[in-house]
2 protein chains.
Amino acid sequence: MQALTSGEGPWDAEPDAPAPVGRATIDDVAREAGVSTATVSRALRQHPYVAESTRQRVMTAVERLKYVANSNAARLASGQSRTVGFIAPMLTSWYTSELMVGVEEVLTHERFDLLIGTANSASRERIFRGDARFQQHIDGVILVDVFCGDDGARRLAALDTPIVVLGEQLQRITSVSVDNERGARLAAKHLIQLGHKRIALVAGHNDLDVAKNVPTERAKGFRDTLQAAGLRLPAAYVQDGDFTIPGGHRAMRALLGLPKPPTAVFFMSDEMAFGALEAVREAGLRVGHDVSIVGFDDHPVAGPIGLTTVRQPVREMGRLGARLMLDTLDGFGTVRHHPMELTLIERISSGRPA
Amino acid sequence: MQALTSGEGPWDAEPDAPAPVGRATIDDVAREAGVSTATVSRALRQHPYVAESTRQRVMTAVERLKYVANSNAARLASGQSRTVGFIAPMLTSWYTSELMVGVEEVLTHERFDLLIGTANSASRERIFRGDARFQQHIDGVILVDVFCGDDGARRLAALDTPIVVLGEQLQRITSVSVDNERGARLAAKHLIQLGHKRIALVAGHNDLDVAKNVPTERAKGFRDTLQAAGLRLPAAYVQDGDFTIPGGHRAMRALLGLPKPPTAVFFMSDEMAFGALEAVREAGLRVGHDVSIVGFDDHPVAGPIGLTTVRQPVREMGRLGARLMLDTLDGFGTVRHHPMELTLIERISSGRPA
DNA sequence: CACAGGGATGCAAGCGCTTACATCGGGAGA
DNA sequence: TCTCCCGATGTAAGCGCTTGCATCCCTGTG
C-alpha cells in the first residue's frame, strides 16, 4: 500500500491525460489505421491471417485512440459469453471465498466474467434447466462441493456445458481436489500418536451416506485410522457442525456435555474448530491441554491462534480450476483429476492428553 | 443445506423438464404472444404504455418458452452496461470481502454485474483515465478505502461517473461510513476504564498525515481520549500493522520488545489483532491478563476467540452502498453521508492490567 | 509466362435487443 | 357527429462487434 503524503499521491496529480474518454469504436480505429473493421477485429484477436505490418498499424491506432472493445457487442456478435458460473453452497465460508478469489484471479486476467450463484438444493438443478442467469449466458460452470452421488456425476457429465469440479472427484468430470481420506488420516494419526484414546469427529453434515463426497471421504479416513489403532468411535462422538462457526460451537458443547467427553476432536473445517474454541473456554477448559483440536483448511487465522490443521492450498485450487476451465473452453484439456497436496500443520491446539 | 440421502436428492431426479434449452429470442416470444418485439421489450421492462392484458399474454409466452433475455444484446442496444465497479486495496481482507459480498448481494438481485478491481496507487488513477475495463463499460464505481485527501475528493466529485464511497466520508460524494473517531474513543475509553496506563496503538499505516481517512480518524479519536485521560502516547507506542495478520504480528512483537511494553493495545482491525495473539503467545504472555487487546470490525472469528472489538456492520454497509449506487443510477438519491452504528463488544481479550 | 494456391483483406449480413417515431383506435369535448 | 388527444402498439433503424464469403495479389510451379 502506497504511502500518501499530504498534498501528493495519485489523487492529487494533474489531470494530464488527453482523455477523450473511451468513445472510440472499432470503426474509428479502422479509419485511423486505414483498414477495414474486419481487419481490426482480426488483428486484435490474434487471427493468423493478418500481416505483421498491418497489426502494428492497428495497434498504433488503438493506442492513439485509447480504444477499448465493447465486450457486449463482441459477445453478442460472437455468441460467446466469456462468462463462467461459479456455484457453491455457502458463499460466505472462508473456503468458498478463497476458491472464488483464486478463480476470479485467473478469469479476470483472461477477461472472463464470473457469475456467482448459490447452490442450495433447488438451484442446483436449476442451473441446467430453466435458471434465468445460467441458462444461456454461460460458457462453463465451476462447481464447488457438489456432494452428489455417482448418479449425479453421470448426469453432470452428460450435459454439454463444460464443467470443472472443485474439492471432490467425480467420474468423467474434470476436477481439482485433495485426497480427503488421507487428510483425515493425517489428523487422526497425529492425535493417536499424541496418545489420545477418546477422539471425536465433527463433520460438516451428519448424512455421510451419499456415495462419495468430501465429508464422507474424510469420515472414512478418520474412522479407518481409528479402527486400525484399535480405537472406537461411538455414535455420540460424531457430531454435525454444519461447516460453520456456530455449528462448531454447538458440536463442541455437545461433545463436552457427554458423560465421557473426548480428549481430542477433529473438525472437518477450521471455522468449525474456531467455534469450538469458545465452547472449550466456556467449559473452563484449555485447548491443547484438556482437549486437543485439529482443523482442516489452514484458514489464515489458524496460524495466529495456533490451531493444528490439515492445510489445503485453496487459493491455488481455485486458480487451477479456472485454468482448466479455460483450457476446456479453448478445446484443449481432457477430463482429468488434479490432486493437490495436503499437509498437517502442527500447532499448539493439539497436545498430549491430560 | 439439504441432506442428500443415497440415491436421492436433486441430482438424481429424473430429467423431467421439457428444456428446449433457452434458445428462445424475443422474436419467438413476440410471435407466441401475437405482438411485436417492441411490445415484448416494453412489457418486460415495466414500460407504462402496455395494456395489462397484453402484458399478461407476453408473460405467459415468456413462461412457456422459458425465455431469458440476452443481456449482451440488451446492454449493447441500450448503451447501459448494468455493471458497477468495485475498487479496493487488498481484496483479501475480511473487511473488503465482506463489503463485496454485501454489494454483490443487492447488485445481483437487480441483475447488475460487479467488476472487481484492486486499487493500488497506480490503478486508482487508471480507473478514470485509460483503464481498459473501467473506461467505458461501467455505470458507476464503488470505492473502498480511498484514503485520499480533500483534493482527491474534489477530483472524484468532478468526474461524471457516479461514485459511492464505502468506509469513509468525503466532501460532495455519497458515502456509507462509520464514525471512526468515535469507534477509537470507545476502544480507548474501555481500556482506560479497565485501569490501563500504558496503551499502544497499531494503525493500518503509519502515514497518518493525509487530510482525512480511516486510520487518521481512528488515530485522532484514540489520541484525544488518551490525552483527555492524562495519558501519554509515546511514538514507540504507535506501530504500523499494515491491516494484515502478519503485520499485526510484527507490530505486537515490536511493542512487546520495548523496554516498557504496553499493557494494552488497540488494533485498527481484528485481523491485525489476530496476528498479535501469536506474538503474545510467543512471548509467553496471556491475552486479557498480561496484555489486553482490542480490535476493530468484529470479524466472525473475533467472537469464538474472545476478542474485544468495535463492531461495525460491514455487510450491511456493502448492501446500503450498493443500494445507494442503484438509486443514483436511477436518477434518484442525492449526495449524502450515511452513518452506520458502531458498538463496543467486550470479550475476554481485555481485562484489568496485571 | 500463364496459372494454381493461398495469404491478406474487404464486404456485408447478422447477433438479439432497445427505442424514436409513426400509426391506429376509441373516448371526450365541441 | 366530428375533431382532438392520448394511450397502446408496430416499424425499423441501429448498438459495435464477428465472421463467412468474395476478392485481390503475390509466389511458386510446370
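Convention: sequence-line order gives letters A, B, ...; per-chain numbering from 1. Quick caveat, the model's predicted, so the values are computed rather than measured.
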N/O contacts under 3.5 Å, protein versus nucleotides 23-28 of chain C?
none

Please report, to 0.1 Å, the donor-acceptor pairs under 3.5 Å made by any side chain of residues 48-57 of chain B, with sequence neighbours excluded.
unit_1, atom_1, unit_2, atom_2, d
E52(B), OE2, Q56(B), NE2, 3.0
R55(B), NH1, A43(B), O, 3.0
R55(B), NH2, H47(B), O, 3.4
R57(B), NH1, A33(B), O, 2.8

For DNA chain C, which residues in residues 35-47 of chain B have a heavy atom at a distance below 4.0 Å?
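Listed by number, they are A38(B), S41(B), R42(B), R45(B).
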Extract all donor-acceptor atom pairs below 3.5 Å that involve side chains of residues 316-324 of chain B and protein atoms in other chains or at least two apart in sequence.
unit_1, atom_1, unit_2, atom_2, d
E316(B), OE1, R319(B), NH1, 2.5
R319(B), NE, E105(B), OE1, 2.4
R319(B), NH2, E105(B), OE1, 3.4

Gap between atoms [atom1] and [atom2], on [X] and [N] respectively (whole Å):
X      : N       : atom1 : atom2 : answer
I26(B) : dG14(D) : CD1   : P     : 19 Å
R75(A) : dT18(D) : CZ    : P     : 12 Å
L76(B) : dG14(C) : CG    : P     : 17 Å
Q80(B) : dC17(C) : CD    : P     : 17 Å
N72(A) : dT18(C) : CG    : C1'   : 13 Å
N70(A) : dG16(D) : CG    : P     : 7 Å
D28(B) : dG16(C) : CG    : P     : 9 Å

Evaluate whether atom NE2 of H109(B) has more than 12 neighbouring non-hydrogen atoms of other residues, nucleotides or ligands under 6.0 angstrom away.
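Open.
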For the student: nearest non-hydrogen atoms of [X] and [Y], plus distance:
X      : Y       : value
V29(B) : V62(B)  : CG1-CG2, 3.9 Å
I26(B) : T37(B)  : CD1-O, 3.8 Å
L99(A) : F86(A)  : CB-CZ, 4.2 Å
N72(A) : L76(B)  : CB-N, 4.2 Å
R82(B) : E110(B) : NH2-O, 2.8 Å

Angle of first-five versus last-five pair axes in the helix from dC1(C)-dG30(D) to dA30(C)-dT1(D), to 10 degrees:
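About 40°, once rounded to a multiple of 10°.
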Checking side chain to side chain contact (heavy atoms under 4.5 Å, CB included) between V165(A) and each of V176(A), I173(A), V141(A), which is the one that passes?
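Output: one option passes, namely I173(A).
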Between R75(A) and D113(A), is a salt bridge (charged side-chain N to carboxylate O under 4.0 Å, His left out) present by the stated rule, with each step listed?
CA-CA 12 Å; R75(A) 289 171 184 182; D113(A) 277 359; 3.2 Å; yes
Does either side chain, that of D139(B) or that of S81(B), offer a donor lying less than 3.5 Å from an acceptor on the other one?
yes
Test log, rule side-chain contact (heavy atoms from CB on, under 4.5 Å), inputs L143(A) and L166(A):
CA-CA 6 Å; L143(A) 254 25; L166(A) 261 32; over 6 Å; no
Could you list, one pair per line, each protein nitrogen or oxygen that sits under 3.5 Å from a nitrogen or oxygen of nucleotides 5-8 of chain D, together with the distance?
unit_1, atom_1, unit_2, atom_2, d
dG7(D), OP2, Y49(B), OH, 2.7

Check against side-chain contact (heavy atoms from CB on, under 4.5 Å), L44(A) and V58(A)
CA-CA 8 Å; L44(A) 257 28; V58(A) 170; 3.9 Å; yes
